[in-house]
Amino acid sequence: MSEYEKIIPIAHKILKNHFLCDHCLGRLFSKQLHLSSNKILGQKLKKNFKHSQKCFICKNLFDNLNYFLKMMIDFASNYSYHTFSVGATIKPSIVDRDDLIRSQYKLMGIDSVKSDITKELGKSFSKKAKKIIDFLDPEITFMINLKDESCQLRSKSITLSGRYVKILRGITQKQKSCENCNGKGCRTCLFHGISEFDSIEGIISKYIFKKFGGTTAKFTWIGGEDKFSLVLGSGRPFFVKIQNPNKRKSRLTSINLNSIKLTNLKIINEFPKKPVKFNSSVEIKISSKSSIDSKYLKKLKNLVNCIVIVYDRSGKCSEKQIFSVNYKKHSLHDFTLFMKVEGGLPIRRFIEGGDISPEISHLLKCECKCEEFDFHGIEV
Ligand SMILES: [Zn+2]
Ligand SMILES: [Zn+2]
């Protein structure tokens, strides 16, 4: 007796007690027979049975799949992508009835109703939209909720790297989060997590949302500067991850966005895993109420190759190396310091003092004030 002949009496026994649709009946035996279409097998097994009732397990859910297929096509129309996957939520009662049949007839190693639905939807969508199913790393993912007949679409994030040059003072690096959602994303901020676009973060975000769409943009900056600092030379590097982008590709060139210039913008495979090491060339304008003694000023040259120890609030300390030091004295009360230092040295504290050693005020034996500091280059 062939495998197929063996299952006929079981299938007929099930059908006498519980009417099943082609998909559900076929699914119970298709694995065992190594067949790929549940529907065709179901049809074959039901040949002499009249089908007037609803399927005991799924209540004819498969008749309704076109409705979800249309929804998927509609949702995906705003996205460019090549690969996709489908997930589904179904009523627990369907799972319960499926389990009941399996245990009653001792059927094992069978796909769930859910995986049959996602498989069917995946096949139909792939055919209709001419896209590739990829369950491991899809560019877009549909979540079909068959309980409330809704659909959600998520697209895989993309990561960009770039540099910004800041040519205007008075712009902060970071943008305040949307007050309504604290940055998580809500209707008020169009799911961006920020509702204003007047910082470096805001200006870059606005540009990339225009290019790629998307909800939130998460930045990693290679160092930071003051609101009133300039960032010159080739600019400061940054990384940004865009959640739910509509587009995954764009022609990227350097661009002037009023107060900042974006350069080297490109799509990269992933966020850097480790903190990026960098060195900064910085120009610092320093003033002092008491007169600055040239004798001490000359000694600042001794800071070359010196290590600065920075203590943070938790009591931990970090070390930052100084690579070069130059200065230009303008008057008895002010001078400009040019330094190349390891990235992350808190400039203001290094000048004015505060849990840092050595510090300029102490070395010059007068109270120094950091008036302004600009970056001339950031090397990674
Ligand atoms: Zn069914
Ligand atoms: Zn919000």
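All values below come from the heavy atoms of this structure, side chains included, with hydrogens, waters and symmetry mates left out. We count ligands from 1, going down the list as the structure has it; atoms in each ligand are counted the same way.
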F125 and F84: aromatic ring centres closer than 6.0 Å?
->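 They qualify: ring centres under 6.0 Å apart.
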The single option from K44, K46, K47 passing salt bridge (Lys or Arg N to Asp or Glu O under 4.0 Å) against D22 |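 Of all the options given, the one that passes is K46.
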Metal site the Zn ion (ligand 2): N/O/S of H192 inside 2.8 Å =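 Not a single backbone or side-chain N, O or S atom of H192 is under 2.8 Å from the Zn ion (ligand 2).
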Please work out the angle at the Zn ion (ligand 2) defined by atom SG of C178 on one side and atom SG of C189 on the other, rounded to 10°.
->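 Approximately 110° at the metal, rounded to tens of degrees.
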Looking at F375, does the NZ or CZ of R236 lie under 6.0 angstrom from its six-membered ring centre and within 45 degrees of the ring axis?
->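 Satisfied, under 6.0 Å and within 45°.
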Is the Zn ion (ligand 1) under 2.8 Å from any N, O or S atom of C55?
->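 It does; at least one qualifying atom falls short of 2.8 Å.
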Under the 3.5 angstrom rule, does the side chain of K54 hit a backbone N or O of L20 as a donor-acceptor pair?
->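 Such a contact is absent between K54 side chain and L20 backbone.
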Angular separation of SG (C24) and SG (C58) seen from the Zn ion (ligand 1), to 10° |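 Value returned, to the nearest 10°, is 110°.
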